[in-house]
Amino acid sequence: QVQLVESGGGLVQAGGSQKLSCAASGLTYSTYAMAWFRQAPGKGREFVSNINYAGSRTTYADSVKGRFTISKDNDKNTVYLQMNSLKPEDTAVYYCAAGPFSTLHNAYRYWGQGTQVTVSS
């Protein structure tokens, strides 16, 4: 059974930093690309960032480029999202996903339960 478990969400002030983690089990982790998506209240699920199976290629949404960094530890079966210079508009539930190297949410087969990130102004 595949499980993706996110952690690290919470409340942070604008301009601050937060690091999300997503631990995977039940799949051959090193063969999957991993991604982060987010969903704000009343909005659709939005692509944030992804990283290929080897950790050698990354993609970022324009809205987070230069502020967020994705990384992948294949020994720990964990993907991270380091978020710096946070803005109130980054407030959302953040989901990690495992699948092909794609920016499309419907390309990903496996999803975590999500972790809330709230950025106060």
Side-chain angles (χ1 to χ4, degrees):
Q1 181 181 356
V2 175
Q3 280 194 312
L4 302 179
V5 180
E6 301 100 333
S7 61
L11 177 65
V12 63
Q13 287 192 329
S17 297
Q18 201 151 23
K19 187 173 185 177
L20 304 182
S21 301
C22 173
S25 61
L27 74 169
T28 308
Y29 182 77
S30 60
T31 65
Y32 281 84
M34 299 296 293
W36 290 95
F37 289 80
R38 66 187 181 186
Q39 189 163 15
K43 296 189 176 181
R45 196 159 293 192
E46 175 191 22
F47 170 78
V48 175
S49 180
N50 64 355
I51 187 166
N52 72 334
Y53 72 99
S56 57
R57 292 178 62 194
T58 58
T59 310
Y60 296 93
D62 287 343
S63 58
V64 307
K65 203 171 291 183
R67 299 188 298 123
F68 290 11
T69 302
I70 191 170
S71 60
K72 188 174 187 271
D73 188 332
N74 285 344
D75 291 333
K76 295 182 178 180
N77 287 8
T78 301
V79 62
Y80 305 96
L81 186 68
Q82 176 67 47
M83 306 184 293
N84 298 328
S85 303
L86 283 161
K87 305 175 181 180
E89 51 264 43
D90 294 317
T91 295
V93 177
Y94 283 71
Y95 298 90
C96 72
F101 188 61
S102 172
T103 62
L104 303 176
H105 69 85
N106 57 10
Y108 288 85
R109 180 176 180 181
Y110 302 112
W111 291 85
Q113 81 288 350
T115 186
Q116 176 71 47
V117 173
T118 302
V119 184
S120 63
S121 58

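Quick caveat, the model's predicted, so the values are computed rather than measured.
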Working for side-chain hydrogen bond (donor to acceptor under 3.5 Å, both in side chains), residues Asp73 and Thr78: CA-CA 5 Å; Asp73 188 332; Thr78 301; over 6 Å; no

Heavy-atom closest pair, residues Arg67 and Ser85: NH1-O, 2.9 Å

Exam field: side chain Ser56 to backbone Ala54, donor-acceptor pair closer than 3.5 Å: no

Check: Asn50 main-chain N/O paired with Thr58 side-chain donor or acceptor under 3.5 Å: no

side-chain hydrogen bond (donor to acceptor under 3.5 Å, both in side chains) involving Asp62 - partner list, sequence neighbours excluded: Lys65

Side chain to side chain contact (heavy atoms under 4.5 Å, CB included) involving Gln39 - partner list, sequence neighbours excluded: Arg45, Tyr95

Heavy-atom closest contact (Ala107 atom, Pro100 atom, distance): O-CD, 3.1 Å

Axial cation check for Tyr32 ring with Lys72, 6.0 Å and 45° limits: no

Pairs where residues 92-101 contributes a residue and the test salt bridge (charged side-chain N to carboxylate O under 4.0 Å, His left out) is met, not counting sequence neighbours: none

Non-neighbouring partners of Val12 that pass side chain to side chain contact (heavy atoms under 4.5 Å, CB included), sequence neighbours left out: Gln18, Leu86, Val119

For Arg57, all residues meeting side chain to side chain contact (heavy atoms under 4.5 Å, CB included), sequence neighbours excluded: Asn52, Phe101

Of all pairs that satisfy ring pair (Phe, Tyr, Trp, His ring centres under 6.0 Å), the ones with a partner from residues 36-70, not counting sequence neighbours: Phe37-Phe47, Phe37-Tyr108, Phe37-Trp111

ILVMFWY network linking Met34 to Val2, side-chain heavy atoms under 4.5 angstrom: yes

Return a table of donor-acceptor pairs under 3.5 angstrom between the side chains of residues 20-28 and protein atoms on other chains or two or more places apart.
none

Disulfide bond (SG atoms under 2.5 Å apart) partners of residues 45-95, not counting sequence neighbours, each pair once: none

Sequence-distant partners of Glu46, salt bridge (charged side-chain N to carboxylate O under 4.0 Å, His left out), two or more places apart: Arg38

Side-chain heavy-atom pair Gln116, Leu11 within 4.5 angstrom cut-off: no

Least distance between heavy atoms, Gly9 atom then Val117 atom: CA-CG2, 4.1 Å

Side chain to side chain contact (heavy atoms under 4.5 Å, CB included) assessment of Gln113 paired with Glu6: CA-CA 7 Å; Gln113 81 288 350; Glu6 301 100 333; 2.8 Å; yes

Side chain to side chain contact (heavy atoms under 4.5 Å, CB included) involving Ser71 - partner list, sequence neighbours excluded: Tyr80

Atom of Ala14, atom of Ser121 and distance for their closest heavy-atom approach: CB-CA, 4.3 Å

Within residues 58-87 or reaching into it, pairs that qualify as disulfide bond (SG atoms under 2.5 Å apart) - sequence neighbours excluded: none

Residue pairs involving residues 12-37 (criterion salt bridge (charged side-chain N to carboxylate O under 4.0 Å, His left out); sequence neighbours excluded): none

